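Below: one structure, written as structure tokens.
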Protein chains: 2
Amino acid sequence: MRSPILNIQPSNCHNCRMSALCLPLALDSSSLDRLDKVIERGRPIHKNKYIFHGGDPFRAVYAIRSGAVKSFCISDDGSEQVTGFYLPGEIFGWDGIDNNTHSNTATTLETTALCEIPFARFEEISRTMPILQKHFMRLMAKELTSDQELIGLLAKSSAEERVASLLLSLSSRLKRQHLSATQFRLPMSRADIGNYLGLTVETVSRVFSRFQSFDLILCDKKEIEIINLNGLSALAHKPKV
Amino acid sequence: MRSPILNIQPSNCHNCRMSALCLPLALDSSSLDRLDKVIERGRPIHKNKYIFHGGDPFRAVYAIRSGAVKSFCISDDGSEQVTGFYLPGEIFGWDGIDNNTHSNTATTLETTALCEIPFARFEEISRTMPILQKHFMRLMAKELTSDQELIGLLAKSSAEERVASLLLSLSSRLKRQHLSATQFRLPMSRADIGNYLGLTVETVSRVFSRFQSFDLILCDKKEIEIINLNGLSALAHKPKV
DNA sequence: CGTATGTTTGACCGTCGTCAATTGTAGTGG
DNA sequence: CCACTACAATTGACGACGGTCAAACATACG
């Protein structure tokens, strides 16, 4: 039984150290208060719990205070397709906006604390706060560009490039949180990584081994240390042709 | 030099037969008028012309009245990655919302007529028309889910499944426009298809040949006729494992 | 008519998926 | 605490799918 990890449970957006990430806004104090009142701060959720299921009615989007989340959808044939990994300060759940129904399922990869932003109430207050509306469209657009990066990755890259790119993405996103960019713990399994990157578990495992033999990373199960960041970047952006 | 292709040039949204697709909204007549006034209806553009470049400042999103458009981004190594094909009634250009800069480049695949929706003015009027704001968020969410379908396709499918899925996607989108779902002309080259689907030109060409030998389609260069729609669907959704 | 570009087809080979076996890890209950 | 089981990760052998290289052909454009 863990853990005092989350003793810094924020009571509002003002004192949440993540707000610089999920609300990079110039909101005056009273506007922030109004936004603050609609946000529901949940207690930490255990690993492998569902946040919403595909088909659920769309109620809210979610910001991560701590922990990690994966989202995936079920394709026609019943197989999973991981569509994203989300880290603290990031927002997920947009997929429900059209049709008012979630197309994805979201689960926790480890103990996770969320802020729930009920969409109906958000829409109300955003009517009087245009900046908030624009901000949310920008967040959605960010999600779009990150999806497109993934598309580029899947369409063109080799297994090594894909894994290198994922590691670098995680690294830079952790850095944004003022955490180490070179030493971290992967919240997801090899199978999740493979599914996300369009590779099999075996291939992912082999690539990790190869990266170690090249002295690019050290890795003990889920603990990662990036030793040669430049080398990894070179691999990730390796020109094809 | 004008082409008489588009003699049904609509003068406003009221009489545009595409409005049911790009504006599936319950707008009263006066609201539609206000929206109508900000939309700039351009003259037809020739094939292979740029609509915007990656890096351009974000000014507007675009609805297609006729023709076809592809969008692509340039990756670090200078290579193109096609991110989408757009047909009449569809809207593109969202990629510019975050950073106020387009990350993609968009070009016409054939002679194309566009409606330009200046984003700044759109934001103004959407403040007093919440339904419009929600509608645009839904359009962005649609783009998100379609990107995620592509991700699923790229991550898991074989060459045949990818090509079959693209053909079916085009087919159903043409059907939405009340055009034939089984006989149409591909607006894009084999190279574009390959780039989009993460395949080489040669593989795309081979798959087309194979589909013909299986009597799934008839195809003369860019003219396509789907003979066995069910068979094609079966191929597209072929369960892996 | 000549050149550039797009498409098709063939032969070959490398990467990654498949199948299989082994080891390591985590969670459960005795 | 250890035994037991279920699951995660690693490693090897093999083969298929699709990429690469090359050549032939068709089409578009000046």
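All values derive from a computational prediction rather than experimental measurement. We name chains A, B, ... by the order of the sequence lines, and we start the count at 1 in each one. All heavy atoms count here, side chains included; hydrogens, waters and symmetry mates do not.
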Exercise for the section: Encode nucleotides 23-30 of chain D as B, S and - characters from 5' to 3', where the letter depends on protein heavy atoms closer than 4.0 Å: B to the base, S only to sugar-phosphate, - to neither. Expected result: -----S--

Practice task
Determine: side-chain N/O of A:R190 to OP1/OP2 of D:dT10, distance under 4.0 Å, yes or no.
Solution key: yes

Practice task
Taking only the side-chain nitrogens and oxygens of B:T200, find out if one of them lies under 4.0 Å from OP1 or OP2 of D:dG19.
Solution key: yes

Fill in the blank from the handout: Contacts of B:S205 and A:T203 projected onto DNA chain C by closest heavy atom; the upstream (5') one is B:S205

For [X] and [N], what is the distance between atoms [atom1] and [atom2] respectively, to the nearest whole Å?
X: B:F208; N: C:dT7; atom1: CZ; atom2: P; value: 10 Å
X: B:Q212; N: C:dT9; atom1: CD; atom2: P; value: 8 Å
X: B:K156; N: C:dT18; atom1: NZ; atom2: P; value: 12 Å
X: B:E110; N: C:dG6; atom1: CD; atom2: C1'; value: 17 Å
X: B:E202; N: D:dT20; atom1: CD; atom2: P; value: 8 Å
X: A:R210; N: C:dG14; atom1: CZ; atom2: P; value: 15 Å
X: A:H46; N: C:dA26; atom1: NE2; atom2: C1'; value: 16 Å
X: B:R162; N: D:dC17; atom1: CZ; atom2: C1'; value: 11 Å

Exercise for the section: With heavy atoms under 4.0 Å as the rule, sort B:G198 into base, sugar-phosphate or nothing. Expected result: sugar-phosphate

Fill in the blank from the handout: Applied to residues 48-62 of chain A, the side-chain hydrogen bond (donor to acceptor under 3.5 Å, both in side chains) test, sequence neighbours excluded, yields A:R59-A:E116

Fill in the blank from the handout: Taking for A:S209 and for B:L199 the nucleotide of DNA chain D with the nearest heavy atom, the one nearer the 5' end belongs to A:S209

Counting only side-chain heavy atoms from C-beta out, which of [options] sits nearest to [X]?
X: B:S158; options: C:dT9, D:dT10, D:dG18; result: D:dG18
X: B:S189; options: D:dT11, D:dG18, C:dT7; result: C:dT7
X: B:R206; options: C:dT7, D:dT10, D:dT20; result: D:dT20

Handout entry: Any B:V163 side-chain heavy atom under 4.5 Å of B:F211 side chain
Key = yes

Problem - Side-chain heavy-atom pair B:R206, B:F208 within 4.5 angstrom cut-off - result: no

Handout entry: Atom of A:V82, atom of A:K70 and distance for their closest heavy-atom approach
Key = CG2-CD, 4.3 Å

Practice task
Write down the atom of A:E160, the atom of A:V207, and the distance for their closest heavy-atom approach.
Solution key: CA-CG1, 4.1 Å

Practice task
For the pair A:H102 and A:F52, name the ring-plane relationship: parallel under 30°, tilted 30 to 60°, perpendicular over 60°.
Solution key: parallel

Practice task
Identify whether the distance between the nearest side-chain nitrogen and carboxylate oxygen of A:E223 and A:R185 falls below 4.0 Å.
Solution key: yes

